[in-house]
Amino acid sequence: MQKLVLTEEQQMLKDAAQGLFSDQAPVSQLRKLRDEKDPLGYVPEFWNQAVELGLAGTLIPEAYGGSEFGHVGMGQVMEEGGRTLAASPLFASGVLGACALMLAGHGSQKDILKDIAAGTHLMALAIDETGRHQPARVATKAEAQGDGFVLNGNKTFVVDGHIANTLIVSARTSGGERDEQGITLFLVDANAEGVSVERTIFPDGRNYAKVELQNVAVGADAVLGPKDQGYESLQKVLDIGNAHLAAELLGLSSEAFERTVAYMKERKQFGVYISSFQALQHRAAHMWSELEQVKSMVLKALMALDASDDQASLLVSAAKAKASQVAELVTNEGVQLHGGMGMTDEFDIGLFMKRARPVQLLLGDFRYHADRVATLKGF
Amino acid sequence: MTDLDTFRQETRAWLEENCPQSMRSPFGSEKEVCWGGRNFKFYSEDQRLWLERMAEKGWTAPDWPTEYGGGGLSRAEHKILLEEMARIQARPPLNSFGIWMIGPAILKFGSEALKQQHLPPIVRGEIRWCQGYSEPGAGSDLAGLQTKAEDRGDHFIVNGQKIWTSYADRADWMFALVRTNPDVKKQEGISLVLFDMETPGVSTRPIKLISGESPFCETFLDDVRVEKDQVVGEVDKGWTIAKYLLTHERSMIGNMGSTAAGQKTLPQLAASAVGLQDGKLADTMLRAEVASWTIDSIGYELTAERARDEAKAGQGVGNVSAMLKYAGTELNKRRYELLVAAYGSEGLIWEGDSRPAGALPQQWLRTKGNSIEGGTSEVQLNIIAKNILGLG
């Protein structure tokens, strides 16, 4: 059985990513993007550096210009990015977009991978239609017309939707509104006629969009994977996405926790450091213990994806569930233990809470994944 | 074929030939567990035979050196032995505080004479040991122990009281922490001594627990003579060994977070108790709690695995045993609360001819001690806060 430790190469990638994020995309960068309501929502110079380091192609095969470094490798990048709240198209394009194309794409569709690895083509996955994630609930319709299809419907919570070149849209080609059967994935040009994208602002200052599809005509070659059977490849993409979101949650939770512990050691009340109070020590120790569990679960989930383990879905859902639960705990406690300072915009600790919630919700929160764990375990 | 493959083949063949059929299933009840000792009554001839054969090979203590009766197995061979035993569901031939606790301490810190004297009888299951650590006034503050040992030249005279000594009423020897120097910092005047429970002045009294069982005793020590050659390590330097043993004990108790092989899992038990509806536990709130527990249980198992892998790779933080003890025992308590909830009133039948959940009420109450014995959850959190997070 594979050891639950990083290989030397994976550790090197982690270190390199850590260096890049802390130098080129520190928390202050996100703050600036937010304050200036930056239209892109990321800093192109930083994205170029990340691409140069090969991060956009971490999961992409060498034949398409990637490094094929695997999920454990990409997970380390996501974790380090979580520590500095780095904003970039890495997740939407490098993880979701790239994996959807790799898993379901045919010949010419896969050529987009080259541009994703080069950082020049951005993708977005448009699947949610309601506030809570339920990927089988697809009301968006794709009706056959001539050789192609016409798409109508509304999508929400589309990460990087407003900057994407290509959208991956789930639409119903048959079946009822909640059937897993009858869902088809489409590649849709974000600039096509009938596509309107509204950028929505979230507490984390990052990019999510509402996408409206009004009589959007696409050709037969826009179908990604088998018609009516798109749910299966979508589930695989969602497993991958959730593992990497869990890794990001681990990174941001670890950082929020370490900042909180550091604050406890410098803040004095009643003439002593608040770190000397046992009531607070136990809360910190409990959080540390919880974070250690998340660390193990995230690593195992990433390894299971790399090994195509038949337990991968279970391990991913368990990891995302636990990472979400612990992120909520640690960011809430982080603000609480910072006291009044924690409520100020000036202190960074609140930014971690504001990033955590959307990531928790994205592709399913604790409740969604706990339910999935139960189902996969047969109860 | 590698040496390990050969070892596996030979081990498999030996087990096939030597493990009695009735020893190839999970324990049916506590009385089927072999603890050994002078007064132990085997419940079957197979139980006696299984211990004798395994002890002969040294496989009751597989990784101890052969010169002290152990199996002399490497880490890899030991693992293979456990795997092969699990393959045929072979029971552990001997449960023993000697093998789990004092044996490793004697191996690490004891004199050659102590090793020769005590280790072989432990391997053979002839001497059963108990641990004399806690005192009425020294629980979480273990180093505050008061049982005093007075120097009388070639021996000590020990006076005091120990509490929570597991099965002291059935043990043959005790390893105990005693105060040999009252005039120095409390951790620096403690020694670890060994004595026969038949020594004049030693008496025990079982303590009845909330579960109705009496696995622990009070032990009274009145003018008990302990020979000086029965000190493990140096006089006054016992605290180091005590800490080593506590770490060891923590990892053992922490293991309770795991569901043992062959044992039914919580979801399986809950499903048999409340039933499934459309493939889901019929009680939706219970299902949510069992799911949450399952997630934490996966996390705990993987963390224990990662801690082992990191230790082998020479990475990771120390003191993980405190975290695993804390997480594992809290998890086990939750498991039993959920089991009681799943069985409902049927799960609380304490006595009676019809008990659908068996001894669940007793087991449920026994788990409450998990987060107290071997260092309370609060003590584990203190260790994490101070030693790992540097809070103080």
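Chain A is the first sequence line, chain B the second, and so forth, proteins listed ahead of strands; every chain is numbered from 1.
For chain B, the nearby part of A:Phe366 is the side chain; its heavy atoms alone come within less than 4.5 Å. Contacts between B:Leu389 and chain A at a heavy-atom distance below 4.5 Å involve backbone atoms as well as side-chain atoms. Residue A:Leu280: no heavy atom, backbone or side chain, is found under 4.5 Å from chain B. Of the atoms belonging to A:Glu258, not a single heavy atom falls under 4.5 Å from chain B. Heavy atoms closer than 4.5 Å to chain A are found in both the backbone and the side chain of B:Glu378.
For the options A:His286, A:Lys377, A:Gln325, heavy-atom pairs under 4.5 Å to chain B are most numerous at A:His286. Counting heavy-atom pairs under 4.5 Å between each of B:Pro267, B:Ala288, B:Ser377 and chain A puts B:Pro267 at the top. The greatest number of non-hydrogen atom pairs below 4.5 Å with chain B, out of A:Met297, A:Lys265, A:His282, is found for A:His282. Per-residue counts of heavy-atom pairs under 4.5 Å with chain B were compared for A:Leu299, A:Asp371, A:Val261, A:Leu314; the largest is that of A:Asp371. Considering only heavy-atom pairs separated by less than 4.5 Å from chain A, the leading option among B:Arg306, B:Met323, B:Lys280 is B:Arg306.
Using modelled atom types, one finds no donor on one side chain facing an acceptor on the other under 3.5 Å when comparing B:Asp296 with A:Gln293. Side-chain atoms of A:Gln11 and A:Asp15 form a donor-acceptor pair, as typed in the model, at a separation below 3.5 Å. Using modelled atom types, one finds no donor on one side chain facing an acceptor on the other under 3.5 Å when comparing B:Trp164 with B:Glu373. No side-chain N or O of A:Glu292 forms a donor-acceptor pair with one of A:Ser289 less than 3.5 Å apart. For the 3.5 Å distance criterion, the side chains of A:Arg357 and A:Thr331 qualify, holding a donor opposite an acceptor.
Using a 4.5 Å heavy-atom threshold, the side chains of B:Tyr326 and B:Ile383 count as separate.
In this view, A:Ser317 and A:His369, A:Arg372, A:Val373 satisfy the side-chain contact (heavy atoms from CB on, under 4.5 Å) rule, not counting sequence neighbours.
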